[in-house]
**Student:** 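What follows is a single structure, and I will ask about it in a moment.
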Amino acid sequence: MQTTAEVSGSGLDLIFKYIDEQQNEFVQELKEWVAIPSDSSDPQAWDEIVRMLNVTADKIKTLGGNVELADLGSQKMPNGQSVHLPPVILAELKKDPKKPTLCIYGHVDVQPAKKEDGWTTDPYTLTEINGNLYGRGASDNKGPVLAWLHAVEAYQALKQEIPVNIKFIIEGMEEAGSNGLDTLTEQRNMTFFSDVDYIVISDNIWISKKPALTYGTRGNCYFFVEVEGQKQDMHSGVFGGSIHEAMTDLIAVLDSLVDSSGHILIPAINKAVAPLTEEEKKRYQGIEFDLEAHKKDCGVTKFLFDTKEEILQHRWRYPSLSIHGIEGAFFETGTKTVIPRKVIGKFSIRQVPNMDPSEVEKQVTEYLHKVFAERNSPNQLKVTMPISAKPWVADVSDPQFVAGRRAVQTVFGVDPDLICEGSTIPIARNFQDVTGKSIMMLPIGGADDGEHSQNEKMSRSNYIQGTKLFAAFFYELSQLPHI
Ligand SMILES: NCC(=O)N[C@@H](Cc1c[nH]cn1)C(=O)O
Ligand SMILES: [Zn+2]
Ligand SMILES: [Zn+2]
């Protein structure tokens with residue numbers, strides 16, 4: 001009977017061959033995962049998140065993992081209702097005290113998606129077209145989570161000893177701000193996290209066709225700005241011209257936030273931003289980033305800035321403010337002539353060093369009340385911040401980046417770019433501050449994957465080569481001096 005062999009360079013060749021041979025099964029499993037509409041933006045759909053977490057837990061159990069579904073308790077919703085949060089998977093495979101321990105973070109919830117939003121294919125039916133796997137969650141983040149599990153599966157199938165101990169922390173609320181996970185991290189810091197040496201996250205994308213290692217993400221402060229007027233919706237013909245309309249107030253308030261060049265108009269916001277250093281400026285110059293290709297990918301004729309360096313800086317290390325929607329406004333088709341009673345504007349401000357979310361909340365709230373007061377409207381304004389996540393920045397001299405670089409070289413034959421990410425992994429900074437562990441992001445998503453957008457996809461190549469990258473990463477991590 002073949003014994004479990006220590007992985008050596010040659011062992012990886014066999015593992016890579018296995019991954020290539022199993023790729024259709026891996027795609028089929030991603031199809032099954034994408035079919036679960038685990039949309040965390042809608043508490044009504046949280047049952048689907050629990051179902052997705054159970055499917056994930058069952059998969060880890062087939063790999064011999066011990067799985068705990070850690071309870072996060074309840075969350076108070078904006079309407080005052082208390083809703084039970086989906087649990088978090090804490091899992092570990094067989095442990096060998098002689099080996100370093102890697103904790104893999106991921107999430108299996110997704111952003112909303114409806115065919116009528118403009119998808120070419122059904123968002124919850126993974127569809128392969130020209131080598132791309134289209135479906136909500138294919139890239140963000142079900143594909144990468146499955147790729148980690150398939151990397152483990154490959155070692156086991158070939159009876160090759162996994163050279164590191166492996167733990168998983170997999171949540172179902174990342175896209176809604178990872179509610180409750182910060183508390184769980186603190187509670188488990190001296191238990192689940194105590195023997196962890198490295199935390200790795202693969203919940204982001206490359207910035208070009210070149211593989212990358214990510215050493216920073218922006219944070220995010222998400223705001224609801226509510227304007228409530230008369231006691232019920234009103235006929236705009238009968239009452240229009242006689243009352244202060246909540247929607248008009250809201251539009252004016254939203255219009256006071258950011259100008260046409262993307263500059264945030266809340267005076268104090270930009271004051272806290274860390275100044276750009278000469279050393280940092282140089283880092284942007286070396287990054288592979290094709291401006292014209294990006295315009296084509298985005299379907300725009302121009303960006304807010306004209307150079308690669310400015311674009312990357314404003315995506316990664318400067319705050320940005322985006323307006324996302326208006327709840328209570330009439331959005332269906334047709335010509336409803338109503339003055340809405342209450343509308344809720346939603347916007348978010350990406351956070352960068354050295355912004356402080358609690359300060360940002362104060363600044364935004366005071367600014368919006370000041371703008372609203374100048375309208376002399378009798379309507380009521382309420383500002384809340386349901387999500388607040390700090391930016392995360394790693395030290396690129398961390399040994400984990402050496403292992404990441406070597407793994408990229410093994411699989412892709414190139415040196416990875418060192419990049420940041422404009423999006424937010426709400427828990428990343430919390431992991432760093434609470435556990436003090438080494439944290440690195442090892443993305444396998446393509447620059448044009450369209451996370452959160454219509455027609456989100458992951459290429460079959462990135463999914464399969466990414467699975468090999470994760471397998472190689474286990475090996476390279478084991479080759480580092482044991483911390
Ligand atoms: N792939 C990471 C991601 O998309 N994260 C979300 C998390 C978030 C931030 N505010 C609300 N959710 C993101 O939008 O960056
Ligand atoms: Zn996302
Ligand atoms: Zn994500």
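One-based numbering, in listed order, for ligands and for the atoms of each.
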**Student:** Return yes when Arg350 approaches ligand 1 closer than 4.0 angstrom through a heavy atom, no otherwise.
**Tutor:** yes

**Student:** Kindly say whether the aromatic ring centers of Tyr105 and Trp392 come within a distance under 6.0 Å.
**Tutor:** no

**Student:** So which atom in Met385 and which in Pro357 form the shortest heavy-atom distance, rounded to 0.1 Å?
**Tutor:** CE-O, 3.8 Å

**Student:** Looking at Leu181, Val88, Ile49, which hits side chain to side chain contact (heavy atoms under 4.5 Å, CB included) with Met173?
**Tutor:** Ile49

**Student:** May I ask you to list the protein N, O or S atoms found at less than 2.8 Å from the Zn ion (ligand 2)?
**Tutor:** Asp140 OD2, Glu175 OE1, Glu175 OE2, His452 NE2

**Student:** With the threshold set at 4.0 Å, does a side-chain nitrogen-carboxylate oxygen contact exist between Glu32 and Lys59?
**Tutor:** no

**Student:** Of the listed options (Ile425, Asp203, Val110, Thr217), which comes nearest to atom 1 (N) of ligand 1 when hydrogens are ignored and any heavy atom counts?
**Tutor:** Asp203

**Student:** Quick one: do Glu48 and Arg51 make a salt bridge, cutoff under 4.0 Å?
**Tutor:** yes

**Student:** Using a 4.0 Å cutoff against the non-hydrogen atoms of Ser423, which atoms of ligand 1 qualify?
**Tutor:** 2 (C), 15 (O)

**Student:** Applying a heavy-atom cut-off of 4.0 Å, say which part of Asn220 lies close to ligand 1: side chain, backbone, both or neither.
**Tutor:** side chain

**Student:** Has the side chain of Glu456 got a donor or acceptor atom that lies under 3.5 Å from a matching backbone atom of Asp140?
**Tutor:** yes

**Student:** Taking N or O atoms only and a 3.5 Å limit, does Glu175 qualify as a polar contact for ligand 1?
**Tutor:** yes

**Student:** Salt bridge between Glu228 and Lys382, side-chain N to carboxylate O under 4.0 Å?
**Tutor:** no

**Student:** Backbone, side chain, both or neither: what part of Glu451 comes under 4.0 angstrom of ligand 1, heavy atoms only?
**Tutor:** side chain

**Student:** Verify the ring-centre separation between Phe289 and Tyr284: is it less than 6.0 angstrom?
**Tutor:** no

**Student:** Strictly under 4.0 Å, does any heavy atom of His452 approach an atom of ligand 1?
**Tutor:** yes

**Student:** Quick check: closest heavy atoms across Pro443 and Leu469, and the distance to 0.1 Å?
**Tutor:** O-CD2, 4.3 Å

**Student:** How far is atom 11 (C) of ligand 1 from the closest protein heavy atom, and which atom is that?
**Tutor:** Ile387 CD1, 3.7 Å

**Student:** Is it the case that the ring center of Phe303 lies less than 6.0 angstrom away from the ring center of His314?
**Tutor:** no

**Student:** For ligand 1, which atoms have a heavy atom of Asp140 less than 4.0 angstrom away?
**Tutor:** 1 (N), 4 (O)

**Student:** Is any NZ, NE, NH1 or NH2 atom of the basic residue among Asp415 and Lys210 found under 4.0 Å from an Asp or Glu carboxylate oxygen of the other?
**Tutor:** no

**Student:** If you measure every N or O of Glu174 against every N or O of ligand 1, does any of those distances drop under 3.5 Å?
**Tutor:** yes

